[in-house]
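Bear in mind that the values here come from a model prediction, so they are computed numbers and not experimental data.
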Amino acid sequence: MSPNVLKVEKKINADPLRLFRAWLNPEDFSNWFLSGEGVGIESVSLDPRPGGKFRIDMSLDGKILPHEGEYLVIEEPTKLVFTWKSHMTEHKETLVTVTFTSLPSSPNGNSAKNKGPQTLITLIHERLEGESRIKAHEYGWTSILEGLNDRFGLRE
């Protein structure tokens with residue numbers, strides 16, 4: 001079975017630096033990093049530096065589901081690269097790259113959503129095996145980026 005790549009993107013009405021730092025601050029992180037309905041965060045441990053480890057204990061149906069990895073690249077405020085393993089990767093190490101691209105405001109300023117800062121978040125998850133794993137991660141990462149938007153996105 002060959003490894004596959006998943007790409008998820010989300011535009012958020014917020015400053016890239018604010019969104020970037022939300023990925024590295026345990027208090028903020030535990031408030032928005034939710035991968036779907038019924039999933040909770042029991043604990044978060046982040047050591048945000050290249051070579052630093054993280055662990056996210058998610059809960060679902062009374063079970064604790066650990067998600068672990070290591071930060072490989074931290075380029076504030078534009079890029080995060082980390083390994084990722086969990087029960088959904090069969091505890092195999094996968095690779096996640098998250099980029100934060102500042103988008104220009106609308107030149108005419110007529111659109112309320114374009115008056116403030118906007119960021120395009122692009123998440124690429126590599127080394128996933130099998131279509132079911134890709135679909136599960138697509139759902140999870142999409143929900144997570146929605147949570148980030150709900151927590152930090154400016155309302156229109």
Side-chain angles (χ1 to χ4, degrees), residues 1-103 117-153:
M1 184 175 295
S2 64
N4 292 289
V5 176
L6 167 65
K7 180 178 179 181
V8 178
E9 292 187 309
K10 177 79 179 159
K11 270 189 220 176
I12 298 179
N13 295 328
D15 180 71
L17 181 61
R18 183 175 188 178
L19 296 174
F20 180 92
R21 289 184 175 168
W23 284 77
L24 303 177
N25 178 302
E27 293 80 31
D28 286 340
F29 191 92
S30 60
N31 286 315
W32 65 267
F33 196 89
L34 299 172
S35 62
E37 199 169 312
V39 178
I41 299 288
E42 289 297 312
S43 65
V44 173
S45 173
L46 308 176
D47 183 9
R49 61 182 175 81
K53 309 261 191 235
F54 66 84
R55 180 176 169 130
I56 306 150
D57 286 334
M58 295 184 188
S59 61
L60 178 64
D61 298 328
K63 295 179 184 171
I64 302 298
L65 305 170
H67 295 68
E68 300 173 306
E70 178 180 330
Y71 296 103
L72 303 176
V73 176
I74 298 177
E75 295 175 1
E76 186 178 72
T78 59
K79 186 177 188 180
L80 285 173
V81 181
F82 51 88
T83 62
W84 180 264
K85 62 182 173 176
S86 72
H87 67 290
M88 290 302 295
T89 66
E90 297 179 337
H91 302 284
K92 295 177 184 171
E93 193 170 271
T94 61
L95 185 68
V96 177
T97 301
V98 185
T99 58
F100 304 79
T101 305
S102 182
L103 299 174
Q118 270 197 321
T119 303
L120 175 64
I121 296 182
T122 303
L123 185 144
I124 297 173
H125 195 157
E126 301 175 73
R127 304 179 191 158
L128 291 168
E129 295 182 358
E131 192 62 32
S132 65
R133 303 260 182 243
I134 290 174
K135 286 186 186 295
H137 280 90
E138 181 177 28
Y139 174 80
W141 288 123
T142 299
S143 295
I144 285 165
L145 294 182
E146 281 297 327
L148 185 63
N149 182 52
D150 291 346
R151 180 84 172 157
F152 294 101

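Proximity of a side-chain donor or acceptor of Asp28 to a complementary backbone N or O of Leu24 within less than 3.5 Å is not detected. Within the 3.5 Å criterion, the main-chain N or O of Met88 finds a donor-acceptor partner in the side chain of Ser86.
For the atom pair CZ of Phe152 and CG of Leu148, the computed distance is 6.5 Å after rounding to the nearest 0.5 Å. Atoms CG and CD1, on Asn149 and Ile121 in that order, are 8.5 Å from each other to the nearest 0.5 Å. Between the CG atom in Asn4 and the CD1 atom in Ile134 there is a gap of 3.5 Å [rounded to 0.5 Å]. Separating the CG atom in Leu34 from the CZ atom in Arg151 is a distance of 10.5 Å, to the nearest 0.5 Å. Rounding to the nearest 0.5 angstrom, the gap separating the OG1 atom in Thr94 from the NZ atom in Lys92 is 11.0 Å. In this structure, Glu42 CD and Lys63 NZ are separated by 14.5 Å, a value rounded to the nearest 0.5 Å.
Partners of Arg133 under the salt bridge (Lys or Arg N to Asp or Glu O under 4.0 Å) rule, at least two apart in sequence or in another chain, are Glu90. Take Lys10 and apply the salt bridge (Lys or Arg N to Asp or Glu O under 4.0 Å) test, not counting sequence neighbours, and it matches Glu146.
When all heavy atoms of Val8 and Thr142 are compared, the pair lying nearest together is CG1-OG1, 3.7 Å. The nearest pair of heavy atoms linking Thr122 to Glu9 is OG1-OE2, 2.9 Å. When all heavy atoms of Pro77 and Phe100 are compared, the pair lying nearest together is O-CB, 3.3 Å. Pairing each heavy atom of Ile74 with each of Arg49, the nearest pair is CD1-N, 3.3 Å. Annotation for Val98 and Leu123: closest pair CG2-CD1, 3.9 Å, computed over non-hydrogen atoms. His125 and His137 get closest at one heavy-atom pair: CE1-CD2, 3.5 Å.
Two residues are said to be in side-chain contact when any heavy atoms from C-beta on lie closer than 4.5 Å; Arg127 and Thr89 fail this criterion. Between Leu80 and Val73, every side-chain heavy-atom pair lies at or beyond the 4.5 Å cut-off. Residues Met58 and Leu60 are not in side-chain contact: their nearest non-hydrogen atoms beyond the backbone lie 4.5 Å or more apart. Looking only at side-chain heavy atoms (C-beta outward), Leu95 and Leu72 come within less than 4.5 Å of each other.
Pairs passing the side chain to side chain donor-acceptor pair (under 3.5 Å) check and including a residue from residues 67-83, sequence neighbours excluded, read Arg21-Glu76, Lys53-Glu70, Arg55-Glu68.
The aromatic rings of Trp141 and Trp84 sit tilted, their planes meeting at an angle between 30° and 60°. Relative orientation of the Phe82 and Trp23 rings is tilted, given thresholds of 30° and 60° on the angle between their planes.
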